[in-house]
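A short worksheet on the structure shown next.
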Amino acid sequence: MEKRKRRGVLLAALGAMLMICGAFVLHGAGDGLQYILPAPAATKEGGELTELYKAGQEQLEAMADSLKAAAIGARAQGMNVSSGESRSVETTLYAVGAGYFDVVHETLTGGRLISETDVKRADRVIVIDESAALTLFVGDDPLGKEVTLEGVKYEVAGVIRGGRRLGETDEHVSYIPITTAGDQALGMQTVELLARGSDSIASAILMEDTLSAWKPGGSFYSLGKLAMGAAMPLRWLALIVGGMILLSLLARLNAHTWGRCCYYADQLKTRYARDMFPAMAGNALLCMLGYASLLGAAFALASFAIQPLYVFTEWVPEIVVELSSLTSRFWSLNHQNAAAVRCVSRGLCQVELGQGLLRWGLMAALLGVAVYGIPWLNREIEMPRMKRDR
């Protein structure tokens, strides 16, 4: 029996660790809005990416009142960056537009980030991470020095803190102006329109509808919404456990209240009520406070239960009691999930990893609890009985 309990504790502990890791990964993904498109094919003359960037900027400016910050970038993985000393690294290259670092935060260790002036002038400047700088320049100050990207020289404008990141295939990351990538006809893979909304639900709906109408075929992601969906099994578990605890506490409070009633009923056979009134009033007040606390906890649990309906509005049919409305909603959700092709982002990869960690952790924790057992919740509560010997 002891061996079984130890196994249950180990499984529950493993599950808790996985769930903590999953929650940490989901938190790191942020709550931004993303619309990901395949990048336009680059010709020798270039310019296609720059044209798309300018058109996208106009779309984002039209939604400026609903967005706290918005920007456009393009991404290409497996790009080779080399220095004059014949050292090179494989990097995920981000070609970024004006205001990009208002949406995506990077920590500078030296120099500066890509500026709006760099984007306007299509300057050949690059920002690299510190591990790439160490590999390329072997401890020398990289600022102002040149590196080669796809046969073109770029001046190192800044160095950011970084290492290998979730959601990227390459160990290193670098940034250049998006207009420079367009002029040099670099083969980018995706174009990412990123934003942070002032109201997450309304902003997400507006951004998705606007950009889908502008450039159909892209993939829209609300990272905060996806993170909530990924953590939904934990929410269900919290609701079940919370409901069980509330019911158990209610049974115990009922037993305590009835026990007090039995006690004072028995005391009234030998004592005057006026002598016991202060104690009776105090106990009655404590019991009322206990019931009020349980009622407040039940209301909080109910609010917690219905919160996803305000976020996942597509789950709610127009007419709940009409079968055709339920069927229409089901096929609408199926249509959204059955896209033949989707463009992914680093944030989406983080959410999916966090989701996997949470699910496996939850399964391990539940298995551990099942093996160990929950004696506190399973224990039968015996109601007090009134004495009848007098």
Side-chain angles (χ1 to χ4, degrees), residues 1-31 164-167 223-260 286-287 289-312 315 337 347-385:
M1 189 66 181
E2 291 299 324
K3 188 179 291 186
R4 177 183 175 182
K5 287 189 174 182
R6 282 199 297 270
R7 289 173 181 169
V9 170
L10 288 175
L11 278 171
L14 175 62
M17 289 177 60
L18 288 174
M19 287 190 290
I20 290 172
C21 292
F24 181 77
V25 171
L26 287 178
H27 178 73
D31 59 353
R164 189 145 205 162
R165 304 195 296 190
L166 293 173
L223 296 182
K225 182 176 178 179
L226 289 174
M228 178 181 282
M232 199 62 68
L234 283 183
R235 183 178 291 268
W236 296 336
L237 178 64
L239 289 172
I240 294 170
V241 173
M244 292 172 64
I245 291 174
L246 280 179
L247 291 175
S248 180
L249 290 174
L250 178 61
R252 284 163 169 76
L253 183 57
N254 287 338
H256 172 78
T257 303
W258 180 243
R260 291 290 88 191
L286 287 176
C287 290
L289 287 175
Y291 284 112
S293 299
L294 288 179
L295 184 62
F299 179 78
L301 194 65
S303 299
F304 181 73
I306 65 173
Q307 183 186 1
L309 296 179
Y310 294 101
V311 178
F312 296 91
W315 290 358
N337 296 328
L348 176 65
C349 293
Q350 281 188 259
V351 170
E352 291 181 343
L353 175 61
Q355 182 180 34
L357 289 172
L358 280 177
R359 287 181 175 176
W360 282 105
L362 181 59
M363 290 171 63
L366 289 176
L367 182 59
V369 170
V371 171
Y372 186 86
I374 315 176
W376 184 74
L377 288 175
N378 295 335
R379 188 171 60 195
E380 186 176 351
I381 300 169
E382 184 177 349
M383 295 294 287
R385 295 185 179 181

Rounding to 0.5 Å, atoms CG (L301) and CD1 (I306) come to a distance of 11.0 Å
Is a side-chain donor or acceptor of S303 paired with a backbone partner of F299 at a separation under 3.5 angstrom? yes
Could I get the full list of side-chain hydrogen bond (donor to acceptor under 3.5 Å, both in side chains) partners for R165, not counting sequence neighbours? E106, E168
Can you name the closest pair of heavy atoms from T257 and C287 and give their distance? OG1-SG, 3.5 Å
Looking only at heavy atoms, what is the nearest atom pair of P308 and M228, with distance? CA-SD, 4.2 Å
Tell me the closest heavy-atom pair linking N254 and Y291, and the distance in Å. OD1-OH, 2.5 Å
Would you compute the distance between atom CG of L239 and atom CG of L234 and round it to the nearest 0.5 angstrom? 11.0 Å
Criterion side chain to side chain contact (heavy atoms under 4.5 Å, CB included) against Q350, the qualifying member of L26, V25, L223: V25
Can you tell me how far CD1 of I245 sits from CZ of R252, rounded to the nearest 0.5 angstrom? 10.5 Å
Which distance, rounded to the nearest 0.5 Å, do you find between the CG of L253 and the CG of L286? 10.0 Å
Please name the pair of heavy atoms, one in A364 and one in G15, separated by the smallest distance, quoted to 0.1 Å. CB-CA, 3.8 Å
Which heavy atom in G167 sits nearest to a heavy atom in C349, and how many Å separate them? CA-CB, 3.5 Å
Atom CG in L358, atom CD1 in I20: separation rounded to 0.5 Å? 10.5 Å
Scanning both residues in full, the closest heavy-atom pair of L246 with A298 reads CD1-CA, 3.8 Å
Run the side-chain hydrogen bond (donor to acceptor under 3.5 Å, both in side chains) test against Q355 and tell me which residues pass, sequence neighbours left out. none
